[in-house]
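Report on the structure given below.
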Amino acid sequence: MRVLGLMSGTSADGVDAVLAEFSGPPRRPRWTLLSRAAEEYPPELRNRLIAAGQGQPITAADVVELGEALTEMQAEAARACDPSGSAELVGCHGQTLWHRPPQGDRRGSSWQLLQGPLLAQLLQRPVVFDFRAADLALGGQGAPLVPAADAALLPAIGGWRALLNLGGIANLTLLPPASGPDRSSPVQGWDCGPANTLLDLAAVHFSGGTQRFDAGGAWAAQGQVDEALVRQWLQEPYLQQAPPKSTGRELFGQPDLERRLSALEASAQERQQPLTPADALATLTAFSAGAVAQDLARSPAVVELLVAGGGARNTTLMTALRRRCRGLQVRSLAELGIGDSDREALAFALLAWWHQQGVSGSLPSVTGAERPAVLGVCARPNL
């Protein structure tokens, strides 16, 4: 079956689309990635999405219009990826505006903005969306959902294999080895902390809005890391929390950036030195890498770290990762045929296929839910 996968992540920079074909046993399918496309959000739409995601007040009318504009962008990405309309099914994550993990006896909740029936009508294809709700209703985190797809699409190797997505948030998947005493261990996965959210916001801040991100980490490469602050930040409650855990802009967004910039200013003043934008970006980049390295140090010993997401193109961030994950082979997931921006879109294509087959798509070992669930809601077009 040919399935389109559409993903727009925490960075809210646009839509990644893949067209994939799946066949065979659902848990270990044969799959082919047929095409890919990416559509950037117009600046005005991106700014509105980020503002809403930061909790800025928004009227009901604006939410409706924002959802419609976002849905139309998803349709554009789908058409760019599959111009002939060969897909039989579409899996669309939507755009996360707010994510509240479970806390104590209070279940979690998450809002992925999308007008699913409209997208189905625009594409004249069934659309599976709202993937997180079923897991949240069962007491799970609702995220991350990609580890189940990682386990199905990638072969096991001789030791623990880790996959890292460096999107707005850094999240890890740990796949058990093919043999040995850990071969029957469950798949693990969680959100480590910030990857690009703070870096992108800092680039906008220091450039006066002329730069949306630090391309290649070139700006950060010119600065000096405040290692004492990085060590201090890594002791914060979320970074010390054991999985299952998930997070987003609610924790690592604009207010958090402002708090960290204040700490950087105070630290620079204590040393009687000015805080430069490059130093701030270097320290924030080291913090993103440090959160991942710290989590890996507390995990089963992995032999390989495969990296995907926009952050994989940030040379300074990748260098920091390699330095802080000594003894670990760090390479791009693209070497296995899944491009930096393909992994999550491919995962939601697979989750949609699983929905169509009535196969569960969540892993309680990752989300902490009571049991696995078939994920998503299907909207069908009026043909």
Side-chain angles (χ1 to χ4, degrees), residues 5 7 9-11 16 18 20 28 31-33 36 38 144 146-180 182-183 185 187-196 199 213-218 220-221 225 282 285-347 349-350 366:
M7 177 65 192
T10 311
S11 294
D16 294 315
V18 300
R28 186 62 68 182
W31 62 278
T32 306
L33 206 162
R36 58 175 62 86
V146 176
D150 290 334
L153 298 176
L154 294 172
I157 59 174
W160 282 90
R161 170 181 255 177
L163 288 92
L164 171 66
N165 186 69
L166 293 173
I169 297 297
N171 51 65
L172 274 169
T173 298
L174 267 61
L175 301 178
S179 59
D182 288 344
R183 67 184 182 281
S185 298
V187 175
Q188 299 180 33
W190 63 90
D191 288 345
C192 303
N196 296 318
L199 301 181
F213 58 95
D214 180 15
V225 175
T285 301
F287 175 46
S288 291
V292 174
Q294 178 172 265
D295 276 1
L296 284 171
R298 296 186 292 221
S299 304
V302 303
V303 298
E304 178 182 64
L305 178 64
L306 299 169
V307 186
R313 298 187 289 274
N314 183 323
T315 304
T316 304
L317 178 54
M318 291 296 290
T319 299
L321 263 176
R322 290 188 173 95
R323 185 171 71 82
R324 291 171 188 271
C325 299
R326 288 190 179 93
L328 183 60
Q329 183 182 15
V330 180
R331 61 183 179 131
S332 172
L333 181 61
E335 294 180 27
L336 276 68
I338 303 175
D340 292 338
S341 300
D342 296 342
R343 174 181 170 234
E344 292 190 312
L346 180 61
L350 179 62
V366 172

- Applying side chain to side chain contact (heavy atoms under 4.5 Å, CB included), name anything that partners Thr319, two or more places apart in sequence or on another chain. Thr315
- Message: Using the salt bridge (Lys or Arg N to Asp or Glu O under 4.0 Å) criterion, which residues pair with Arg326? Sequence neighbours excluded.
- Response: none
- Residues in side-chain hydrogen bond (donor to acceptor under 3.5 Å, both in side chains) contact with Arg36, at least two apart in sequence or another chain: Asp342
What side-chain donor-acceptor pairs closer than 3.5 Å can you find for residues 153-164, not counting sequence neighbours?
{"unit_1": "Trp160", "atom_1": "NE1", "unit_2": "Asp182", "atom_2": "OD2", "d": "2.9"}
{"unit_1": "Arg161", "atom_1": "NE", "unit_2": "Glu304", "atom_2": "OE1", "d": "2.7"}
{"unit_1": "Arg161", "atom_1": "NH1", "unit_2": "Pro155", "atom_2": "O", "d": "2.9"}
{"unit_1": "Arg161", "atom_1": "NH2", "unit_2": "Glu304", "atom_2": "OE1", "d": "3.1"}

- side chain to side chain contact (heavy atoms under 4.5 Å, CB included) against Asn314, all qualifying residues, sequence neighbours excluded: Leu199, Thr316, Leu317
- Item | Separation between CE of Met318 and CZ of Arg323, rounded to the nearest 0.5 Å | 14.5 Å
- Query: Partners of Asp150 by salt bridge (Lys or Arg N to Asp or Glu O under 4.0 Å), sequence neighbours excluded?
  - Reply: Arg343
- Task: Decide yes or no for Asn171 and Cys192: does some side-chain heavy atom of the first lie under 4.5 Å from some side-chain heavy atom of the second?
- Result: no
- Identify, with sequence neighbours excluded, every residue that meets side-chain hydrogen bond (donor to acceptor under 3.5 Å, both in side chains) alongside Arg298. Gln240, Asp295
- Note on the structure: In terms of heavy-atom contacts, Val225 and Ala282 come closest through CG2-O, 3.6 Å
- Query: Which salt bridge (Lys or Arg N to Asp or Glu O under 4.0 Å) pairs, counting each pair once, include a residue from residues 305-316, with sequence neighbours left out?
  - Reply: Arg313-Asp340
- Query: Between Ala286 and Arg324, which heavy-atom pair has the shortest distance, and what is it?
  - Reply: CB-NH2, 3.4 Å
- Item | With sequence neighbours excluded, residues passing side chain to side chain contact (heavy atoms under 4.5 Å, CB included) with Ala152 | Pro29, Leu350, Trp354
- Item | Flag side-chain contact, heavy atom, 4.5 Å: Leu306 against Glu335 | no
- Message: With a 3.5 Å distance limit and no angle check, can you tell me whether Ser288 reaches the backbone of Pro194 through a side-chain donor-acceptor pair?
- Response: yes
- Test side chain to side chain contact (heavy atoms under 4.5 Å, CB included) applied to Met7 and Leu346, step by step: CA-CA 9 Å; Met7 177 65 192; Leu346 180 61; over 6 Å; no
- Note on the structure: On a heavy-atom basis, the closest approach of Leu296 and Leu328 is CD1-CD2, 4.0 Å
- Min side-chain heavy-atom separation Leu172-Leu305 under 4.5 Å: yes
- Task: Can you see which heavy atom on Ala334 is nearest to which on Gly339, and at what distance?
- Result: CB-CA, 4.2 Å
- Closest heavy-atom contact between Gly193 and Ile169? O-CG2, 3.1 Å
- Test item: Asn196 side-chain N/O and Gly310 main-chain N/O as donor-acceptor pair under 3.5 Å: no
- Item | Between SG on residue Cys325 and CD on residue Gln294, distance to nearest 0.5 Å | 11.0 Å
- Task: Compare every heavy atom of Asp16 with every heavy atom of Ala345, then report the nearest pair and how far apart it is.
- Result: CB-O, 3.7 Å
